[in-house]
Amino acid sequence: MVRYVYDFTEGGRHMADLLGGKGANLAEMTRLGLPVPPGFIVTTEACRAFLGTGAEPEGMSREISRHLSALEAAAGRLLGQPDDPLLLSVRSGARFSMPGMMETVLDIGLNDDSVLGLAKTSGSERFAWDSYRRLVQMFGSTVMGVDSSLFEQAIALLKEVRGVPDDVHLDAADLAQLVETYKGLIEYETGEHFPQSPAEQLRRAVLAVFQSWNGERARLYRRREHIPDDLGTAVTVQRMVFGNLGSDSGSGVAFTRDPATGRPGLYGDYLVDAQGEDVVAGIRNTVPLTDLERLDPASYLELRAHMETLEHHYRDLCDIEFTIERGRLWMLQTRVGKRTAEAAFAIAAELADEGLISVDEALARVSGDGLARLMFPRFDTSAVGEPLAHGIAASPGAAVGAVVFDSAEAVRRAAAGEKVVLVRQETTPDDLPGMVAAEAVLTSRGGKTSHAAVVARGMGKVCVCGAEQITVDPQGRRFTVGGTTVREGEVLSVDGSTGTVYLGAAPLVDSAVMRFLETGAHGERSAPLVDAVARALRRADDVRRLEVRANADTPEDAARARRFGAQGVGLCRTEHMFLGERRKLVEEMILARDDIERARALDALLPLQRQDFIGILEAMDGLPVTIRLLDPPLHEFLPDRTELAVRVATADARGELPEPHDVELLDAVNRMHEENPMLGLRGVRLGLVVPGLVAMQVRAVAEAVVDRVRAGGDPQAEIMVPLVDTVEELRLARDEVDAVLAEVGKATGVPVRCAIGTMIELPRAALTAGRIAEEAEFFSFGTNDLTQTVWGFSRDDVEAAFFSAYLDKGIFATSPFETIDRDGVGRLVEIAVAEGRATRPDLKIGVCGEHGGDPESVHFFHAAGLDYVSCSPFRVPVARLEAGRAAMEVAGDSDSR
Ligand code: ADP
Ligand code: MG
Ligand code: MG
């Protein structure tokens, strides 16, 4: 037979699926012998059954009664017993903690009779009536669905009538009157009485928790986070303890270490004479937990001992809720606590030092995302005042700028050289130019998947969104927060790594971690953090199978990437070498009337390209450098079509002769214009139809190799052909490459040997990878284009236009341009790996799309059997760390959430 109810003494932390996180951990603390008020848990299975059929599952209420009786027997009194009531809390708790679930109802069991009993046994009428009015209010709003603001209004009105500023100034008679008002409100709003029967209160509270699983906010949250809808929630029913019984009582929250820095030692807040959420609600000022040592030394010592027990037992930072009732300590909740990136690294290293966890576990507990956050400069929090506002940390980094309220103003000021922060309620595609111009974006609405967040992340721009305390008034060109008004032009500091906003220009401090990664220096002040990062990276390098290369187009980038630990260049784009001064030469090549003119232009480009390659090959001496032949359509190197047309037309209108060069250019631009350049004449197609282009590029590579060899270097150039659809294209390109390599070898007497491979970035290439591998010595997945072509998305168009809506609707949990789409794009990757290797077992395979630096994608590429990932130089440390974690994941256990 199925069981629906477990006593705290029967559960444990590994039963979180069945008992919810909160219930499972309460059971664990009970098993450890910690002072937990007794209670029981109604399982997620009961919830699922209830939600499935709409009725209480058979036997559940009987089981609840049985467990309640046991509680009553142990307490020596009955639930709601008139002269000495046992009171209960009813708490929701799913496998994953989730907003939108029913709030906890405290003091179940109070009614018109037992409130008198409680007054007598506690010796405080005020306490009893305050507890009762809290119950009626909480039950009325969360279980019976009455708008909670009605209760708030009633209490505000009473305070006004009594002329008192605070709830604590209302006396027992006031509170008794308030209970009557509340009960009347409930009747008026629902047509029902507040239930006087304690058993009915309990039953209805339990069912309301079940129902809250399908509340609108909870469903939305699950959809966005891709938490399955069929998990259900558990319900924890627990004997009440009271922190609001006077100055020898109180409630607090605590961490076993500082969750901001990871430093060991108790850390938290305590509030005397307070219950439940009072501590975090900010209604009165809390004291630091260390003050408890003075206030109640015995409880403090006991608390310290329990926290040490918990940290040793969970082998991690724990956070807890506790209450002291008349000098007696009770533990009400624990879990493995959230922490900053800095704390994550510091704690992992220290727990490993203490022998509590292994070095591999330490590596498992840090993340590439966290490392990336630590690589940004930060505000010097010791030098700034109180934060102005808090929001969601949507896109990391720290930025300072003048406040502007619309896109046009942002663009105007930025053009004049001013740094600006764009502040909006929320952004739309119309705000794009302003977002581009701004240093940071701050919004008062929307979450991690809002338009502002998605677009800012895509642009690598600092963003804090959903700072709900802020009221934006774009017409008035100001925003208000609390009592403060901030006008256009005032300076704001925005920390996208923490979600914090400061008024004024906060001083920036460099990242010690970045300094270490760049120079190997550990520094003084941040030494423990830097050591922790260094150790995690060292372990990752030891265990990872994936190599990490960088995408670098210049010698400087290549050198930096190497300092960051890159094992080569996975993608050197040659198009940047066609810009700037050299654009003139590209123009000449395009406008060439015959082969001779074209050859002259190409000959002029050759030495410039060769010099670039020499620099990069030197920076990466001894390591592979994958050079991609020219990829973008040629008209990208010509002047803007509209601009040219206007110039020619203006001259015409003035009756002058337009510049012949302009006419010629316009003609060429018109000829080369494409409706869909992304799918047009680019990549290998370009090389096959523009004579001499491939030959020139390859010659530049080959001569650079010869130059490096003669200088005593060890150049490892590889030549990569982009945008191949079919093996025929690659074969033709390859023939040309081989011929040039041979020719240069012969002419110089230095044999030039370059691996020749291709990008796999079109679905057809992936599907015919077995054939393509006949001609390719290596594959490199271009997952940006592959994602565009598999989804039929033009990235530049879709991201700003509708991705936030797609994310909101839960169509995908993250953008497929950020994290590889395993089911679609990933499947093609797997096919291409398998079929490519079937043809050529030693085929070297990597990825050079931006996904190469994305933690989750790195895990996929590891599992798919790739040889390396290549990413931007700054992501190299992130990729190294995640490649290490991926290698362990396959070997050992993992808990990704
Ligand atoms: P949340 O999930 O929001 O943390 P909790 O279930 O932890 O909600 O409860 C809200 C508040 O009520 C917390 O401060 C908690 O410590 C307090 N609380 C819950 N159960 C009891 C109890 N049996 N006695 C006293 N306080 C309780
Ligand atoms: Mg809690
Ligand atoms: Mg591409």
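Values in this document were obtained by computation on a predicted structure and should not be read as measured data. What you see below is based on every heavy atom in this structure, not just the backbone, and it leaves out hydrogens, waters and symmetry mates. Remember, it's 1-based here, ligands and their atoms both numbered in the order they're listed.
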Nearest protein heavy atom with distance in Å, relative to [atom]:
atom: atom 23 (N) of ligand 1; value: Arg239 O, 3.0 Å
atom: atom 13 (C) of ligand 1; value: Glu321 OE1, 3.3 Å
atom: atom 19 (C) of ligand 1; value: Arg91 NE, 3.4 Å
atom: atom 9 (O) of ligand 1; value: Thr104 OG1, 3.2 Å
atom: atom 10 (C) of ligand 1; value: Glu277 OE1, 3.5 Å
atom: atom 18 (N) of ligand 1; value: Leu106 CD2, 3.6 Å

Sidechain-backbone polar pair: [X] side chain, [Y] backbone, donor-acceptor under 3.5 Å:
X: Gln238; Y: Pro37; result: yes
X: Gln469; Y: Val481; result: no
X: Thr9; Y: Thr30; result: no
X: Glu125; Y: Ala119; result: no
X: Arg126; Y: Ala172; result: no
X: Arg222; Y: Trp213; result: yes

Between Asp147 and Ser149, do the side chains contain an N or O donor and an N or O acceptor separated by less than 3.5 Å?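 The answer is yes; a qualifying pair exists.
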
Before you tell me yes or no, could you show the steps for Tyr182 and Phe194 under ring pair (Phe, Tyr, Trp, His ring centres under 6.0 Å), namely the whole-Å CA-CA distance, both residues' side-chain angles and the distance that decides it to 0.1 Å? CA-CA 9 Å; Tyr182 282 180; Phe194 168 76; over 10 Å; no

Do any of the N, O or S atoms of Gln333 sit under 2.8 Å from the Mg ion (ligand 2)?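 Yes, Gln333 qualifies, because one of its backbone or side-chain N, O or S atoms lies under 2.8 Å.
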
Those atoms of ligand 1 less than 4.0 Å from some heavy atom in [X]:
X: Val241; result: 24 (N), 25 (C)
X: Leu332; result: 16 (O), 22 (C), 25 (C), 26 (N), 27 (C)
X: Gly276; result: 11 (C), 12 (O), 14 (O), 17 (C)
X: Lys22; result: 1 (P), 2 (O), 5 (P), 6 (O), 7 (O), 8 (O)

Residues Val241, Arg328; criterion side-chain contact (heavy atoms from CB on, under 4.5 Å); working and verdict: CA-CA 10 Å; Val241 290; Arg328 174 133 195 229; over 6 Å; no

With Phe322 as reference, evaluate Leu289, Val279, Leu34, Thr334 under the side chain to side chain contact (heavy atoms under 4.5 Å, CB included) test and give the passing residue. Leu289

Should the proximity of Gln333 to ligand 1, defined as any heavy atom under 4.0 Å, be assigned to the side chain, the backbone, both, or neither? side chain

Which of the N/O/S atoms in Glu321 sits closest to the Mg ion (ligand 2)? OE2

Counting both backbone and side chain atoms, is some N or O of Ser92 under 3.5 Å from an N or O of ligand 1? no

Min over Ser89, Gly20, Gly21 of heavy-atom distance to atom 21 (C) of ligand 1 lands on Ser89

